[in-house]
Structure formats: structure tokens, C-alpha cells
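First the structure, in the form of C-alpha cells, and then the observations on it.
What you are looking at is a predicted structure, and each value in this text was computed from that prediction instead of being measured.
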Amino acid sequence: FAVLDKVAQTIEIRDLSNSVTKTVKPPVQTNDIFYGGTASLLLSSATSVVLFDIQQQKVIAELNTPPVKYAVWNHDASMVALLSKHTITIANKTLSQSCLIHETIRIKSGAWDDSGVFIYSTLNHIKYALFQGDNGIIQTLEQPIYLTRIKGKTIYCLDRTARPRSITIDPTEYKFKLALVQNKYDEVLNIIRTSNLVGQSIIAYLQKKGFPEIALHFVQDKKTRFELAIECGNLEVALETAKSIDRPECWTKLAQQALKQGNHKASPLATPTHIYIVETAYQRTKNFDRLSFLYLAVGSKDKLGKMQVIAEKRGDQMSKFHNALYSGDVRARIAVLRDVGMQPLAYLTAKTNGLDELAEEILASAGMKESDVESVSFGTSTLGPPPVVTASANLLWPSLATEENFFDKALANGHVTDYINGEVAIDGATTLDSWEAGEPEAALNGEDAEPEEGEGWDLDEPVDEPDVTHLNASEDVVPEDEGDAAGASPGVGEPELWARNSPFAADHAAAGSFESAMQLLHRQIGAVNFTPLKAQFMALYRSAHLYFSPTASLPPLHFHVRRDPEVRLPVIRRTLASIQSGELNEGYRFVSAGKLADAATSFKTVLLMLMLVTVTTKEEASDLQETIASTREYLLGVTLELERRRVVAEDPSNVRRSLELAAYFAHCKLQPAHLILALRNAMSVFTKARNPVAAAKFAQRLVDLKPDAKVVAQARQIINAGANGRDTVEISYDEFTDFEVCAASYTPIYKGSPLVKDPFTGACFLPDYLGKLCPLTEVTEIGAHASGLPVPR
């Protein structure tokens, strides 16, 4: 067993005689330890729980949680509940979090039910929690209890006086929800029939979780039943309940849903007279304008004629004009215009449609002649409805054939069929009797034991001639396609395949899966602040998706752009080579021109872009790491020089700090052309500060790089001046000892001194900056555990 020494921060492994056999140093500051599986421990710190392998002495997994008081494993050790003061974190055996539950009242204890539900007690309640996050109250308590075991409907526990007690509970609610989550619909139906669980809260739960079709089978309230039918698209039930309620808002909502499905009429089996659902809804609400437009859309000219007659009886001139326009009846349009006193429009309509006699009649009725009308030339009018190619009044939109769901079958049969692993159970008694009698199983089913060759293929069955008489019946319904697509389900989308096929965050961002991209960056490079990456994420997504609008009245078509037609991965807008030749070279030019602020911005942008680069070979991965290291050195060096210039401007008396920063800048690993600039800068700064000895050392390094002759001559003068000189300002800089520059404090970290690194750039920091945001990237966490960017195999 293991014992934690909190003072010494060690874990002692002891045998049954209580002798220490092994001592292990925990990887984090540990407050408590719990069982974590074979040869493993759960280490509880102030901010997380760590799964620690004692034998290998390495961290297997880590989960961020509040301080944990108890860890409760289920019966097969596949799930664990981590109990804190006010939270419960449920995770699997590798500490992958399933859910986090927060309670306002202190949590006392907990235990797992045999079915995989976690039961826990607070100060005044017994509650349950499912693995996907649903929780609720089972029972109210008068006194706090401490759970020890859950068996069926009985809870075994201890009260505050440590006396054992047993409490009987009603597990119906959480068993119902668990059965729903696990798709055990037979159990759900059995609970619905045998318990009084049904209520508004359960109906609301079913709607929230996306099971309105289940709630529809046992809801009696007509309004609720109508809303559920609309939500799950059951038009027949919705029509039935709408007739019972008979309110305008119900008919309007039913018409909208029927139009969305393209289902103009109810099922022929339910309504032999083929009553149109949309037509019925519009008739009940007296929505004549929509009714006319519906007839125009489905090409029903005879119904448009009837609507014209109805409009005349109603005396609605605008409706008469609309119906005349929809049906293409020019004379009816002219009649409406004359009735409302618009003689000029009536005359122009007749004239442009070639009705000259009617036009003269209109002029005569107005007391005018054709010579009195100004000469206005018009071409022949083409205004009219489009020709009906295929009348769709009797057609339904094509849809996939779907089987009757489990609840429909169960309610129709009046009983629940027994299921074993998704198959109907066989009558065990009959089968055993037949085995005992030695009868073959096929004989019991009325079949021969040895069927003849070809018998099962029905090759000798007579072929019936197809009945084609129904094709001429205009009122018959065209049957739905029962081809290969019947019962099919949609496949996996292209963006989801991109995210599945790639370990690179760039591909996930291009697929629109920003959450998984952020999780990858967190694991690979320790990213914690993603605000600077928002623009990069959006650019990646936009570059991998194309929208094309063939028709202005329709939504655009969405195309996913691959980087290679044969590889299901997205196109990435920027490659490593393009970044090197673009933004990185631009940063180099800024350094050469002395525009250090612009250079710092360019190098920081380059680091952000390198986080979202994909590579295909080990050589590219190696080149990527070298580019990251080089960009880090440049960004650090430029930042040091900017800091030096700030110190000179704001605190001129602080010469020592100015000299140190200049020396550290010259220490950065830059290209020779830029290192010459850094050395010349240090040489000049140290000479002006009357530190000739140090200036001579920088001058010697400058000469070794073989710059221009003019620069060499200037450097040799400084070398000669420093031969017999003496430095006046002492600085913290030892060129004979290897050191790294802390990228936050701008101070040296000499070899052998403790340090922490940024997991992405490799920049070094003093231990005081552990857990803080890296100032170079403003994205990654200093000292975070990270696996590194993926390397192709």
C-alpha cells in the first residue's frame, strides 16, 4: 500500500508488515492520494488530479479539477467520480472527463449503482448523476448520510452516529433517462407503462434531448401533442390534433411544417380522399392569397379558376386580379381594371396583348377616340404564368423509406417484443423440446431438412405482368422510390473526415472544428490563450471552403477544397515555404533597415502562423523546428534592443542595464549579416559608456565575421584602444560561461541554473515564470507539458 508524507512530499510504498520498500517523489505538489488502478495512484493537487504510474514513475494523464476529497470507482474500474467540496467530476480510467456537476450545497459522499449511475448525497438530498451530465434529486433527507453501497432500490449507508442504515429509493427516473441514453427503447416503454413517471418535466426532458417522437406516444394534452408532432415531423398526428384544437395559429404552423416537408397531403391510407394538408390549413384560416399561390406553385389551373370565382363572390378586387394574373387570363385582368376605374391601364393592357377591339371599346366607354390618346408604342406583352411542365398537385417530394419505429410497433401490437442483443428472442421451451425429440429445426418451421437445389431462389415463381393502368389515373399518388437508397442514412461529411484523418490543428481549423483544433494545440504546444489565433483560424476555414450561387433565389452551393484530389485533407492557405519567403523575409528586411518595432510584429506573426503549418515529410518537420528556433532568436533579440532603447529614453542614468541588454542582443543566434549589426551596436554602446575592454571583445567577434573593410578598420581601432584600457561600468555578463537569456526578465540564466522553457518556441525563462503566458507568442503556457508538433512517419 502507499502512504503520502505531506511534509516531505514523498510517497512511501509499504508491505503488509508496514516496512517501507520504496520511496517515490510525486511529480506535483500533492495533498491527497487515491487508488488509481493497478500500480497507479491518483494524486490530488490544488488545481488538478494526476494519474501516476508508480512502477514507471511517470504521469499517465492529468485532469484539471478543484481539490478532490474522495475518489469513487465503479465496479469494473472503468469510471471514477472525483468528489470535491461543491463539484463532482466523472471521468474514465484514463482521466478523460465525461461531465462536471456543480452543487451549491456541500457534497457528503457517493457510490456507484450497478447500472453505472453515480448516486451521491448532499447535506439534505440524495441525488443521481449520469455519465453524460444529467443529474437530479432522488429523495430529500432529514439528516445527512454517508453512502456505502447501492443495490437495486436499496441504499446502504451510515448516519452521523456511524450506525448502518438502509434506505429504499425509487430509481425510476434515472433508470428511464439511462435507458434513453443507451437506446434501450423496450425498457423505456416498459417504464412508461408500469410507472407514474409521465409528467411535464419528463416531456420537457424528452424534447430537450431530441426524443419528441417518444413523448408523442403517451402525451394526452392536445396542445402539447400537437407541438410534439410538429417537432418530430409527424404530419398525420399534427393534422388530427389540429382538427381537434381548431385554432388559426395551429393551422398556420401545420401548413408551414407541411410545406417544409414538401408533403402537400396526408397519407393515402389515413385519408382515402387525398385531403391536402396545406390546402386544408389555408382553407380553415381563410388565407385565400396563400391558397392561390399554392395552386400556382403546384400547377393546378382548375383550382385557380375556382379561386377566381370565390374572389368574385367575396368582392375582393385585388384577389381577382392576382388570380387572373396567376391563371394567365388577360380579359379577366382587364375587367378588374375597368371595374376599379383604371381605364388607362385597362386600355394599355388590351393594346399590348393584341385585343384591339376591346381597347376601342374601352376608349368608347370613356368618351374618347384613338386620336385623343398620345402615341405610345409598346411591344407585345409577355406577362403571364410560366408553362406547367409537370403538375405536382398529386406528387409528394421524394423521401427515403423508413421503417416503423419501435414505439409504433409496440403500441400497435399491444406488447413489447423481447429483444436479445437487438434480435427477437426465440421460444426456448419449444426449441429444447424439438432438440430432445431429435427433430431438425427446419422441420419445426414446416420446411424440409434438405431443400432442393435452387429452391430458395424462387426461380420457378410465375412472373406477374406489371399493372400499368394506374399510370393514367391523374388522381393516384405516385409511389415513393423503394430503390437502393431506401432506408439509407447520410454518410460522414467531408469536414468531419478532415478532422478524423489529420493530427494537425490547421486541418481541424480548416474543417471548422475549432474546438478540436484548440485541444490539439493545447496538447501539442501548451496553448492556453487562443485570441491571437482567431484571425488565423478564420483564414484557414475561409480558404478551404467555396460557395457558388447558380441561382439568386436559392442558397449557395457549398464546396470543400482539398489540397490533393486523392487525399481527403483540406487545402492550407500558407505553407512553410511561403511563410519563409514572405513574412519571415519581411522581418529580416525590417531588421536590416532598423525598423525593429515592425520586425517584432512580423516575427510574432510568423510564430503564430508556424503553429498552424502542416508537414508531410521528416525533412519538412526538421525545417519547421529550425524555422521556429530562428524566429525565436530574432524576436528575442529585437525585443532586447527595443527594451534597451526604452531604458535609454526613459532612464538615461541606468547605463548598466543599457549595456547588459546590448550584450544580450549580440549573444542571440542571428544570421551573419544581422549579427554584424548587433555586434556593431554593442561595440558602439560600450565605447560610448567608456567600457573599452568589453567593446574590444565585441570588436574581435566582429572582425571574425569578415565584414566590409571600413567596418574592420573601425573594429581594429577599438581593439587597440581596449588593449590597455579599463571598464568603468561593471555588468552582469560573462562571455566565458554558456547562458540563455530569460525572455521575460531579460537576464542571463547560466548553465546549470534552474530554468523552464516554452513548449513551442523553446525560449528559456526563470522558474518564477512557470505557468505564465509566454511573452513571445502570447499563446503558450511557460513550462506546460506538451507532446510537440506531429512528425510524419
Acceptor/donor pairs from residues 32-44 side chains to any protein atom, 3.5 angstrom cut, sequence neighbours excluded:
residue : atom : partner : partner atom : Å
Ser40   : OG   : Thr38   : O            : 3.3
Ser44   : OG   : Val68   : N            : 3.4

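Under the 4.5 Å side-chain criterion, counting only non-hydrogen atoms from C-beta, Ser45 is not in contact with Val50. For the pair His785 and Val59, the minimum side-chain heavy-atom distance is 4.5 Å or more. The closest side-chain heavy-atom distance from Leu82 to Leu63 is below 4.5 Å. No side-chain heavy atom of Gln143 sits under 4.5 Å from any side-chain heavy atom of Asp159. The closest side-chain heavy-atom distance from Thr65 to Thr87 is not below 4.5 Å. You'll find the side chain of Glu103 stays beyond 4.5 Å of the side chain of His125, heavy atoms only. Side-chain contact between Lys175 and Ser115: present, with at least one pair of heavy atoms (C-beta onward) separated by less than 4.5 Å. Contact of the Thr94 side chain with the Leu51 side chain is not registered, since no non-hydrogen atoms from C-beta on lie closer than 4.5 Å.
Partners of Phe537 according to the ring pair (Phe, Tyr, Trp, His ring centres under 6.0 Å) rule, which considers only residues two or more places apart in sequence or in another chain, are Phe514. By the salt bridge (charged side-chain N to carboxylate O under 4.0 Å, His left out) test, Glu781 pairs with no residue at all, sequence neighbours left out. Checked against ring pair (Phe, Tyr, Trp, His ring centres under 6.0 Å), Trp251 has no partners two or more places apart in sequence or in another chain. Residues passing the side-chain contact (heavy atoms from CB on, under 4.5 Å) test with Arg247, sequence neighbours excluded: Ile245, Glu249, Cys250. Residues satisfying the side-chain hydrogen bond (donor to acceptor under 3.5 Å, both in side chains) test with Lys253, not counting sequence neighbours, are Glu227. Lys93 meets the salt bridge (charged side-chain N to carboxylate O under 4.0 Å, His left out) test with no other residue; sequence neighbours excluded. Shown here are the salt bridge (charged side-chain N to carboxylate O under 4.0 Å, His left out) partners of Glu62, two or more places apart in sequence or in another chain: there are none. Residues satisfying the salt bridge (charged side-chain N to carboxylate O under 4.0 Å, His left out) criterion with Asp15, sequence neighbours excluded, are absent altogether.
When all heavy atoms are compared, the tightest approach of Asn92 to Ser96 is OD1-N, 2.8 Å. Shortest non-hydrogen contact noted between Ser84 and Pro67 is OG-O, 3.1 Å. Counting all heavy atoms, side chain and backbone alike, Gln524 lies closest to Ala786 at O-CB, 3.2 Å. Heavy atoms only, all atoms of each residue included: Ile145 and Lys108 are closest at O-CB, 4.1 Å. Nearest heavy atoms, Ile11 versus Ala2: CG2-CB, 4.1 Å. Taking all atoms of both residues into account, the shortest heavy-atom contact from Lys243 to Asp246 is O-CB, 3.7 Å.
The ring pair (Phe, Tyr, Trp, His ring centres under 6.0 Å) pairs that include a residue from residues 142-174 are Tyr128-Tyr174, where partners are two or more places apart or lie in different chains. Residue pairs satisfying the salt bridge (charged side-chain N to carboxylate O under 4.0 Å, His left out) criterion with at least one member in residues 146-155, sequence neighbours excluded, are listed as follows: Asp114-Arg149, Asp114-Lys151. Applying the ring pair (Phe, Tyr, Trp, His ring centres under 6.0 Å) definition to pairs two or more places apart or across chains, those involving residues 101-124 are Trp112-Phe118.
One finds the CG atom of Asn31 at 7.5 Å from the CD atom of Gln9 (value rounded to the nearest 0.5 Å). Atom-to-atom distance recorded for Leu147:CG and Ile126:CD1 is 6.5 Å, nearest 0.5 angstrom. Within the model, atoms CZ of Arg106 and NZ of Lys69 stand 5.5 Å from one another, a figure rounded to the nearest 0.5 Å. Taken from NZ in Lys22 to OG1 in Thr10, the straight-line distance is 13.5 Å, to the nearest 0.5 Å. Interatomic distance, CG of Asn501 versus CD of Glu496, reported as 10.0 Å (0.5 Å rounding). In this structure, Ile107 CD1 and Leu123 CG are separated by 11.5 Å, a value rounded to the nearest 0.5 Å.
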Practice task
For Val24 and Phe52, run side chain to side chain contact (heavy atoms under 4.5 Å, CB included): C-alpha distance rounded to whole Å, both residues' side-chain angles, the deciding distance at 0.1 Å, then the answer.
Solution key: CA-CA 11 Å; Val24 179; Phe52 185 63; 3.5 Å; yes
Practice task
In sequence, state the C-alpha distance, the side-chain angles, and the governing distance for Val117 and Leu130, and then conclude on side chain to side chain contact (heavy atoms under 4.5 Å, CB included).
Solution key: CA-CA 5 Å; Val117 179; Leu130 303 185; 3.6 Å; yes
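Around atom CD of Gln55, no more than 12 heavy atoms belonging to other residues, nucleotides or ligands sit under 6.0 Å away. The local environment of NZ in Lys534 is sparse, with at most 12 non-hydrogen atoms from other residues, nucleotides or ligands closer than 6.0 Å.
Between the side chain of His508 and the backbone N or O of Ser502, at least one donor-acceptor pair lies under 3.5 Å. Panel note: side chain Thr154, backbone Gly152; no donor-acceptor pair is recorded below 3.5 Å. Side chain of Thr21 to backbone of Ile13: a donor-acceptor contact under 3.5 angstrom is found.
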